[in-house]
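Notes for the one structure printed next.
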Amino acid sequence: MRAVYPGSFDPLTLGHLDLIERGAVLFEGLVVAVLQNPSKTPTFSLEQRLRQLRAATAHLDRVDVRSFDGLTVNVARESGAGVILRGLRAMSDFEFELQLAHTNKSLAPQLETMFLATAVHHSFLSSSVVKEVARFGGDVSRMVPKGVAEDLKTLFNRSSPSR
Ligand code: ADP
């Protein structure tokens with residue numbers, strides 16, 4: 001069975017990457033689908049987010065990275081996926097994720113949503129937290145892959161304080 005892991009990945013964090021690595025073990029193929037939402041202005045362009053993901057997943061044969069616009073159920077169908085993979089960090093994710101899962105089930109009853117619990121040491125990580133830390137010059141090296149840390153540094157034009 002193939003799965004699709006949709007998200008904004010703005011930017012990719014080590015929490016996302018942990019989910020991708022575990023998903024690549026569980027499924028025959030995993031398509032990481034990056035949302036190109038024209039109504040929202042992302043911090044990183046679609047091209048940058050695709051590049052970050054491709055660099056960080058180059059060692060994973062079963063992982064493909066692509067962009068999508070519109071409904072997750074459509075990208076799942078186009079990718080030949082039977083499962084939508086999502087991550088759960090805390091109870092605060094649960095309500096929204098459950099609502100999404102029910103919506104997707106009503107749109108495409110043959111598709112299942114499966115959740116992986118985040119690795120506990122990544123449970124506090126989100127793209128927005130990472131951006132806040134980087135904006136104020138904090139060290140994000142344990143939160144994001146190396147390439148993303150460099151992109152954040154360029155974006156905010158600050159150097160991380162030494163630990
Ligand atoms: P979206 O805008 O679709 O929520 P995100 O890029 O924020 O996109 O998240 C994509 C998926 O990754 C969501 O299911 C989210 O719960 C999960 N996720 C985000 N951060 C982490 C993390 N630190 N550990 C595990 N899963 C995560």
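In listed order, ligands and their atoms are each counted from 1.
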*Using side chain to side chain contact (heavy atoms under 4.5 Å, CB included) as the criterion, point out the one residue from V144, V140, L152 that pairs with K131.*
L152
*Which of these passes side chain to side chain contact (heavy atoms under 4.5 Å, CB included) with S126: M143, E132, R89, H16?*
R89
*Using the rule that two of Ile, Leu, Val, Met, Phe, Trp, Tyr join whenever any of their side-chain heavy atoms come within less than 4.5 Å, decide whether F68 and L12 are in one cluster.*
no
*asked:* Same cluster or not: L50 versus Y5, using hydrophobic residues (I, L, V, M, F, W, Y) connected whenever any side-chain heavy atoms lie under 4.5 Å apart?
replied: yes
Identity and separation of the nearest protein heavy atom to [atom]:
atom: atom 7 (O) of ligand 1; result: H16 NE2, 4.2 Å
atom: atom 17 (C) of ligand 1; result: Y5 OH, 3.6 Å
atom: atom 20 (N) of ligand 1; result: R89 NH1, 3.3 Å
atom: atom 24 (N) of ligand 1; result: T118 OG1, 2.8 Å
atom: atom 15 (C) of ligand 1; result: G87 O, 3.8 Å
atom: atom 4 (O) of ligand 1; result: R86 NH2, 3.4 Å

Using a strict 4.0 Å cut-off to heavy atoms of [X], name the atoms of ligand 1 that fall inside it.
X: F9; value: 6 (O)
X: G7; value: 3 (O), 8 (O), 10 (C)
X: G15; value: 22 (C), 23 (N), 24 (N), 25 (C)

_Checking D151 against Q48: is there a side-chain donor and acceptor pair closer than 3.5 Å?_
no
*Can a donor-acceptor pair be found between the side chains of E21 and H59 at a distance below 3.5 Å?*
yes
Decide whether an N or O pair under 3.5 Å exists between [X] and ligand 1.
X: L125; answer: yes
X: S8; answer: yes
X: S126; answer: no
X: S127; answer: no

*Audit row: E97, R86, salt bridge (charged side-chain N to carboxylate O under 4.0 Å, His left out) steps and yes/no*: CA-CA 8 Å; E97 291 292 341; R86 296 284 288 179; 2.8 Å; yes
*Select one of side chain, backbone, both or neither to describe which atoms of P6 lie under 4.0 Å from any atom of ligand 1, heavy atoms only.*
backbone
*Grab the two heavy atoms, one from P145 and one from L17, that are nearest each other, plus how far apart they are.*
CG-CD2, 4.2 Å
*asked:* Show the nearest heavy-atom pair for residues L85 and P6, with the distance to one decimal.
replied: O-CD, 3.4 Å
*Sidechain N-carboxylate O distance under 4.0 Å for R51, E47*: no
*asked:* For F124, state whether at least one heavy atom is located under 4.0 Å from any atom of ligand 1.
replied: no
